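Okay, so here's the structure we're looking at.
Lettering follows sequence order; numbering is per chain, from 1. Quick caveat, the model's predicted, so the values are computed rather than measured. FYI, side chains are in, hydrogens and waters are out, and symmetry mates aren't considered; it's all heavy atoms of this structure.
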Amino acid sequence: MLTLTDGDQAMLDGDRGPAPQLAMSILVRMADVYGATALMDISQAHIDSTIYLGDATLEFAERLAALGARVAVPTSLNVSGVDECGWKDWAVAPEWAAKAARQMLAYERMGAVPTWTCAPYQTHMRPVFGQQIAWGESNAIAFANSVIGARTERYPDLLDICCAITGRVPAVGLHLTEHRAGQMLLRLVGVRQALQQDDQFFAVLGHLVGKLAEDRIPVIDGVVVKPAEDHLKAFAAAAASSGRVALFHMVGVTPEAPTLDAAFHGRAPEQTLEITTALLRAARAELTTADGRELDMVILGSPHFSLAEFSQLAPLVTGRHAHPRVKFLVTSSRLMKEHAAETGVLAPIVAFGAQITLDTCILASPMLPPEIRTLMTNSAKYAYYAPSLLNTRVTFGSLADCVRSAIEGRVVRDESVWLTV
Amino acid sequence: MKAIIAGRAIVAGEAEGDALVTGDALSFWGGYDFHTGEIIDRHHPLAGVLAAGRILAVPCSKGSSTTTAVLLEAVRAGTAPAAIVTTGVDAFFALASIVADVMYGKSFPVIALDAADFASLQTGERLTIEASGVIRRTGF
């Protein structure tokens, strides 16, 4: 049975205006669904409802904005449905661009920070360990919970903004310490260090873990390398695409898993599975749905490309040119592009022939012309969703493979580390 | 096989339709075309199957947070499943139905079943969902 504070009740009664009332009415109905007995405060939100799909998402945003909705906590915004400045370079229909821009404006009017990125944890809005937040965007939820140790439930679109407007969430699930214990042990067995050091390893591992974990919190043991933040980002995005992972623990890597025992809060795992090199090879193979060497486009940046990733890409492309038949696209945020320009790593990437799309991505904006049929990417999330959403075929490879393929105009991959035992 | 299944109404409502049953979780974003009501996730066993107007039995959502928004669009477009039956409580499906009610005065029942009852459902059988959460096998 849900008990509301006086403040919650006042909001529900409309004392603070029609927008908090509407948001609180949805939140209260959802608190019942979650089985919450109380609501609790959050101090930050990230809104995934920004993604324009059609009239319903736009009507929802504009209804809240028209009611005078304001966010009650610092709030970042996820990708939108259009690159406001760059959409004309692509196959985006003007009507789509106009409506997606209206939806962006609606959320900006609510007082949210126009970060327009699916990697808000790599901006100044990054939360801290233990912070109670309400985040949408599956990859960001998994990253914030697991890599930072902030606390968010797996919030869906339409609810994230209700939490931001009220500053309240149902006091359930991953907000509470007792629900953050690992449930399933996934042990890397015989997976060589050389393979773990490979650029693709954590994306592939994430894809596999997402499938194995189902609705449980996975604990990964046996990682012998120190993954870069962008590798953990790739892992989180992959696991939250192939599965529903909102929190994972990686023993010796993530902050709530200094030891195996700590990851499980001293309890025994419900189930233990082994992850072998053979399973990883099969998972990697699943991410490739193209069967030939044809290549229309290299696509990087899901989640959005970071400054570190721009910095890795720059030396690979300096003094080279992409094949004239192959498009080379990087999706990122305004902020990250500015950083890349300031630090000098953007110039060689643009000189290579790369295009940069901001605020959105190829999955959220209908920007690819129909002649683009075969993609290559180092993103497991792009590889997972593009075949269904865009009717394209994808080859998954390392960043270096993607660059080499773009130069040669056909798919080339160095698979030596994946082929040797 | 039971003629009457005692489900738990997560979002109460009435519906009647043919069951479409899967044991695999589904992300509606990248998995459901709200223009047609077709399941489009190429990794999913129901890829290519029309779910509009049917009682979709799927254990839970997975993947994208945008699943709810796709379902809201589907309700508006008239291409949503008639009801969704799950195991456990899935907040994503419930939210889509609740917001559809708020925005358009249209919602769909979301019913949770225990694992054994869920496993007894078969694609193609005619089901009636009552406001109490009870599911009747029509013509049983």
Side-chain angles (χ1 to χ4, degrees), chain A residues 22 25-26 29-30 32-35 46-60 63 78 135-141 153-160 162 170 172-173 210-211 213-215 240-246 286 289 363-364 381 384-391, chain B residues 8-11 23-35 38-44 47-48 59-77 79-80 86-104 106-107 110 112:
Chain A
L22 178 64
S25 73
I26 292 171
R29 287 179 73 177
M30 286 306 293
D32 273 340
V33 168
Y34 284 109
H46 179 68
I47 308 305
D48 194 52
S49 313
T50 47
I51 295 177
Y52 169 76
L53 296 175
D55 288 338
T57 57
L58 178 58
E59 285 163 3
F60 179 76
R63 175 147 171 206
N78 203 53
W135 274 27
E137 169 54 58
S138 61
N139 98 80
I141 293 164
E153 248 306 303
R154 180 174 162 260
Y155 285 107
D157 289 25
L158 316 173
L159 186 59
D160 47 18
C162 296
V172 293
K211 291 182 1 150
E214 296 178 338
D215 58 354
S241 298
S242 67
R244 54 183 276 138
V245 172
E286 271 179 16
T289 42
L363 302 176
K381 184 167 184 174
Y384 187 87
Y385 283 116
S388 305
L389 273 171
L390 305 176
N391 198 25
Chain B
R8 184 177 151 211
I10 305 303
V11 179
D24 289 28
L26 179 67
S27 172
F28 275 60
W29 187 72
Y32 196 88
D33 182 348
F34 70 82
H35 300 288
E38 182 188 333
I39 293 171
I40 56 166
D41 180 354
R42 306 246 173 123
H43 311 272
H44 198 279
C60 58
S61 65
K62 70 165 188 176
S64 172
S65 298
T66 309
T67 280
T68 46
V70 174
L71 256 169
L72 183 68
E73 293 283 359
V75 171
R76 190 185 185 282
T79 58
T86 61
T87 60
V89 176
D90 191 282
F92 281 31
F93 299 146
L95 178 73
S97 183
I98 287 168
V99 176
D101 179 36
V102 169
M103 290 295 293
Y104 305 115
K106 287 194 274 188
S107 62
V110 180

Contact class of [X] relative to chain B, heavy atoms under 4.5 angstrom:
{"X": "A:Ile51", "result": "side chain"}
{"X": "A:Arg29", "result": "both"}
{"X": "A:Tyr384", "result": "both"}
{"X": "A:Ser25", "result": "neither"}
{"X": "A:Tyr34", "result": "side chain"}

>> Less than 4.5 Å apart, side chain to side chain, heavy atoms only: is that true for B:Ser65 and A:Ile141?
In response: yes

> So, B:Ser61 versus A:Arg154: side-chain donor-acceptor pair below 3.5 Å or not?
Replying inline: yes

> Taking the side chain from A:Ser388 and the backbone from B:Gly31, do they hold a donor-acceptor pair closer than 3.5 Å?
Replying inline: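 No.
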
[atom1] of [X] to [atom2] of [Y]: how many Å apart, nearest 0.5 Å?
{"X": "B:Trp29", "Y": "A:Leu363", "atom1": "CH2", "atom2": "CG", "value": "4.5 Å"}
{"X": "A:Asp157", "Y": "B:Ser64", "atom1": "CG", "atom2": "OG", "value": "6.5 Å"}
{"X": "A:Asp215", "Y": "B:Asp90", "atom1": "CG", "atom2": "CG", "value": "10.0 Å"}
{"X": "A:Thr57", "Y": "B:Arg76", "atom1": "OG1", "atom2": "CZ", "value": "9.5 Å"}

>> Going by side chain to side chain contact (heavy atoms under 4.5 Å, CB included), B:Ile98 matches just one of A:Asp32, A:Leu158, A:Leu159, A:Val33. Which one?
In response: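 Of the listed residues A:Asp32, A:Leu158, A:Leu159, A:Val33, the side chain to side chain contact (heavy atoms under 4.5 Å, CB included) partner of B:Ile98 is A:Val33.
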
>> Please classify the contact between B:Asp33 and chain A as side chain, backbone, both or neither, with a heavy-atom cut-off of under 4.5 Å.
In response: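 Neither the backbone nor the side chain of B:Asp33 comes within 4.5 Å of chain A.
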
>> Quick check for you: among B:Val99, B:Ile10, B:Leu95, which has the greatest number of heavy-atom pairs under 4.5 Å with chain A?
In response: B:Leu95

